Amino acid sequence: MTQVSMTVNGQAANGDVEGRTLLSSFLRDQLGLTGTHIGCDTSQCGACVVHVNGEAVKSCTMLAVEADGAEVATIEGQAAEDGTLNAIQQAFQDNHGLQCGFCTPGMVMSATALLKDNPKPSEADIRAYLSGNICRCTGYHNIVKSILAASGQDVAGIAAE
Amino acid sequence: MYEFEFEQPSSVADAVAALKAEDALALGGGQTLLATMKQRLAAPSKLVSLSGIGEMKGVSNDGGAVSIGGATTHAAVAAGAGAYPALADMAGHIGDPAVRNRGTIGGSLANNDPSADYPAAALASGATIVTNAREIAADDFFQGMFTTALDEGEIITGVRFPVPEAANYQKFLQPASRFALVGVFVAKTGDGVRVAVTGASEEGVFRWSEAEAALNGTFSAGALEGLSVDADSMIGDMHGSKAYRAHLVGVLTKRAVAAAG
């Protein structure tokens, strides 16, 4: 076992892990942060996307020991402490950007990474950026609309589908 | 996956020493290796992470060549290799954004997946693969599907790409894997045109010498009229037949030449 220490959503987090412990398992099983979802476990689906040192990564395809000393952000850290949703989460709610909700944590974390680098993305930019996030409900239209809305762009003309 | 020992050295020398352990493997970004280990298709006794080695990260531009550290991520190459736009563009279309934030150039080249993008870029550019022990020309490095000139425990510390006069990479995306169904990298250099094809051959990445000869005559898509690769040696699977892949090689080479100008 190896002792790892990282900052998760601004709080110090420590634990003993095996070499093979995935970051996703550490977050879910040891820290109880089950908002990070395991969809495919093969780095295809993106439900497990978290940020490590500010960059979106698939936490099912990174070892917990590789995140030793890192700043990690998960979906649990996105809303304010009183539960007020951040702009991206609120846009998902306002625009029906989720159906079953399973992919949503990864979608929100990917969207957050996109808007940090590209504050006013086009629809094509958004679809390209979400290429590694799969919505099995196939609800992409409203996910893209939500991210456009979160970036402050007018989505009134886009039909709800 | 099976349990293993983990080590994260901070220098190339320490990594080379750590890799002397029996059944030890180097870990780049893990975007292929960790998935392979989950399927128990690989079971190293020890993983030696290269991600803590500062001297193996970064992109620099020196005298007509772009040099990239072996542990540099695809995202960092996409952002930093502006002096070689076709290379930066290729790196920016590998996998998806989260994969590009972890996967590394050294990992991709060492793995030599027959459908990976980097082998085509390195071979077409006439790149030099720099290891802890020696320098290997791309023409000698790729030795068939998942096979390279690397010795046991040898680490790719960097890759040097001479910047060509013109270049372009055309990738026909396999949308589920996000690898190339077929990809063609064309580079026009002072020493002639080089055409490297990935995703197509059962032997892995290869140079299409017939197309190179035609393009050395006239660098235009029209010069490729009537040329084709032998379909028998192509990969045939559920995503595309041998004949389809052979057809794509011709189409994508023409597109790459047209786009390279």
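Predicted model, so just to flag it, every value in this text is computed and none were measured. Letters A, B, ... mirror the listed sequences (proteins, then strands); counts begin at 1.
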Are the side chains of A/R20 and B/F6 in contact, using a 4.5 Å heavy-atom criterion?
no

Taking the side chain as C-beta and beyond, is there a heavy-atom pair between B/V99 and A/V57 under 4.5 Å?
no

The interface call for B/L27 against chain A, heavy-atom contacts under 4.5 Å, is side chain

Quick one: what part of B/R178 sits under 4.5 Å from any heavy atom of chain A, side chain, backbone, both or neither?
side chain

To the nearest 0.5 Å, tell me how far [X] [atom1] sits from [Y] [atom2].
X: A/T2; Y: B/E5; atom1: OG1; atom2: CD; result: 9.0 Å
X: A/N53; Y: B/N101; atom1: CG; atom2: CG; result: 11.0 Å
X: B/E3; Y: A/T21; atom1: CD; atom2: OG1; result: 7.0 Å

Under 4.0 Å between a side-chain nitrogen and a carboxylate oxygen: does that hold for B/R102 and A/E66?
yes

Listed by chain and number, what are the salt bridge (Lys or Arg N to Asp or Glu O under 4.0 Å) partners of B/E154, not counting sequence neighbours?
B/R134

Residues in ring pair (Phe, Tyr, Trp, His ring centres under 6.0 Å) with B/Y169, at least two apart?
B/F185

Which answer fits A/M109, side chain, backbone, both or neither, if we ask what part of it has an atom under 4.5 Å from a heavy atom of chain B?
neither

Quick check on the structure: residues of residues 71-97 of chain B within a heavy-atom distance below 4.5 Å of chain A, by number.
B/G95, B/D96, B/P97

If you count heavy-atom pairs within less than 4.5 Å of chain A, which of B/G30, B/S49, B/A35, B/A98 leads?
B/A98

In terms of heavy-atom contacts, does CD of A/Q3 have more than 12 from other residues, nucleotides or ligands at under 6.0 Å?
yes

Within a radius of less than 6.0 Å around OH of B/Y2, do more than 12 heavy atoms belonging to other residues, nucleotides or ligands occur?
no

Give the member of A/L63, A/L22, A/L130 that has the highest number of heavy-atom pairs under 4.5 Å with chain B.
A/L63

With side chain to side chain donor-acceptor pair (under 3.5 Å) as the rule and sequence neighbours excluded, what pairs involving residues 23-38 of chain B come up?
A/D41-B/K38

